Amino acid sequence: MSAAAIAVTGCGGGGDDADASADGGVVKITLWHGQNQTAKTTMDALVADFNASHPKIQVDSQVGALADNLYSKTTAALAGGKYPDVVYQFGPNVPSLARSPKSVDLTDAVKGAGWDWDDFYPPAREAVTVGGEVHGVPAVIDSLAVVYNKKLFEQAGIPEPKAGWTWDDYRTIAKRLTDKGDGVFGTGWPGVGDEDTTWRIWPMVWQAGGDVVSPDGKQAGFGGAPAQRAFATIGGLAQDGSVYVDKTAGSEQMYRVFMNGRMGMVPTGPWQLPEIRESKVDYGVAPLPSYDGKPSTISGPDAWMLFDNGDARTKAAQEFVRWLTQPQQDARWDIDAGSLPLRRSTATEPRWTEHAKSVEGVSVFVEALNTARARPPVTQYPKMSTAIGRQIAATLLRSTTPDKAAADAVSGANDALGEG
């Protein structure tokens, strides 16, 4: 999940404990959250509540930069020696930033009282654990499921999808839903070749017995049959002409086609539900299909990363993120940020349960977290993603064969891993 920021503020952080304490022993820390609009308002309100209830700690809540740009902003700040105490980061950026000597190792801290670390959904914990060390605290979490247009299913005489359906079912249904005369597509897939294109293939790979990387981390874990099966599924949709390929960044056009009633189903996350609801499409949500009928999906957690500005500020930053991710605060943040509960206990919070009752299908996304997996926290993943995404896009556009794309994707991933 990414949220746009409205401004780039000045750098915060850097220095030692003497710089961090105001008169009276108040420890001041800087937060870069990267959010705007509703999410910014909610975060600012949460920070205000924390500051009011923790008079010895004061958090300076700043946008920092556009969430998409916080990685480069953070690396520049670290290089310059003046950096924030807490910063929002997309999951794939965590491994690279964890290499910094200023990244706070939270492995022991999260075992302490009040953290309830095992209460976080597994993908959220996996995404911030690098080389066995915890280098972040879950910030947002999502999952992929299939949102479908009930009206188009009814018009085609197709029963609504439900748990246990397969990728063969998906292809068949997509083909039946497609009506080129009326400009209706069965489904859609991002075709830019970026991570939005890539991460949707991993559930197929896992279901086919593969993995993103091998156990030793030295080569791609999806060579052979897993890659061939996944790319064959994508290629089948392309061959049928049932998939709308969105060649614009951000996948906005794909979602626009769906919300205009010209797409039967779209794999997406909970972040898209507010716009879909506003479009007045009569929609439903089903779990992702699988090859074996067993539920499986992917989650793309993001993180709060902490950077060392001395013991006092580090301890204060830990107290803030611990408080921020407790069920009551988490429920407020999740609802307004378009995310899902970070914790199992949050899913039982009255505020969340009332929200879930009012939003069609959001409970399907939450249930999917129980079988979701996260992308591996390896520094080479962004380069891997680019290599694989290009081959997925080529398959969707039918400029290569699925078998060749699968082989080239594995080769590109191996090259990226070989770069260390």
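Not measured: the values here are computed from a predicted model.
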> Is a side-chain donor or acceptor of Ser363 paired with a backbone partner of Ala356 at a separation under 3.5 angstrom?
Replying inline: no
>> Whether the side chain of Arg277 engages the backbone of Val359 through a donor-acceptor N/O pair (distance < 3.5 Å, no angle test) should be reported.
In response: no
> Are a donor atom and an acceptor atom from the side chains of Glu360 and Tyr283 found within less than 3.5 Å of each other?
Replying inline: no
> For Thr314 and Asp308, does a side-chain donor sit closer than 3.5 Å to a side-chain acceptor?
Replying inline: yes
> Does Gln329 reach the main-chain N or O of Leu46 with its side chain, forming a donor-acceptor pair under 3.5 Å?
Replying inline: no
> Do you know which of Arg375, Lys383, Arg200 makes salt bridge (charged side-chain N to carboxylate O under 4.0 Å, His left out) with Glu195?
Replying inline: Arg375
>> I'd like to check Val146 versus Pro287 (side-chain heavy atoms, cut-off strictly below 4.5 Å). Are they in contact?
In response: no
>> Keeping Asp216 on the side-chain end and Lys218 on the backbone end, is there a donor-acceptor pair under 3.5 Å?
In response: yes
> Does a donor on one side chain and an acceptor on the other come within less than 3.5 Å for Thr107 and Asp105?
Replying inline: yes
> Strictly by modelled atom types, are Trp206 and Asp211 linked by a side-chain donor-acceptor pair under 3.5 Å?
Replying inline: yes
>> Would you call the rings of His54 and Phe50 parallel, tilted or perpendicular, taking 30° and 60° as the class edges?
In response: parallel
>> Would you compute the distance between atom CG of Leu152 and atom NZ of Lys150 and round it to the nearest 0.5 angstrom?
In response: 13.0 Å
> Does Ser96 use its side chain to pair, donor to acceptor, with the backbone of Asn93 at less than 3.5 Å?
Replying inline: no
> Ignoring hydrogens and geometry, is there a side-chain-to-backbone donor-acceptor pair from Asp142 to Ser339 under 3.5 Å?
Replying inline: no
>> Is there a side chain to side chain donor-acceptor pair (under 3.5 Å) between Asp169 and Thr166? Walk through the geometry before answering.
In response: CA-CA 5 Å; Asp169 296 330; Thr166 67; 3.2 Å; yes
>> Ignoring hydrogens and geometry beyond distance, is a side-chain donor-acceptor pair present between Glu133 and His135 at under 3.5 Å?
In response: yes
> Mind checking whether Trp202 and Tyr381 have parallel, tilted or perpendicular rings, split at 30° and 60°?
Replying inline: tilted
> Are any of the side-chain nitrogens in Glu354 or Lys357 under 4.0 Å away from the carboxylate oxygens of its partner?
Replying inline: yes
>> For Gln328, is the CD atom crowded, meaning more than 12 foreign heavy atoms sit under 6.0 Å from it?
In response: no
> Can you tell me if Asp330 uses its side chain to pair, donor with acceptor, with the backbone of Leu342 under 3.5 Å?
Replying inline: yes
> Quick one: does Arg171's side chain get under 4.5 Å of Lys175's, heavy atoms only?
Replying inline: no
>> Does the plane of the ring in Tyr88 sit parallel, tilted or perpendicular to the ring in Trp304? Use 30° and 60° as the thresholds.
In response: perpendicular
>> Is it the case that atom CD in Gln155 sees more than 12 heavy atoms from other parts of the structure closer than 6.0 Å?
In response: yes
> Is Arg332 salt-bridged to Asp336, going by a charged N under 4.0 Å from an acidic O?
Replying inline: no
>> I'd like to know if the side chain of Ser214 reaches the main chain of Gly221, judged simply by a donor and an acceptor atom lying under 3.5 Å from each other, with no hydrogens or angles considered.
In response: no
> Is there a donor-acceptor pair closer than 3.5 Å between any side-chain N or O of Ser411 and the backbone N or O of Ala407?
Replying inline: no
> Does one side chain, of Thr233 or Tyr170, offer a donor that lies under 3.5 Å from an acceptor on the other?
Replying inline: no
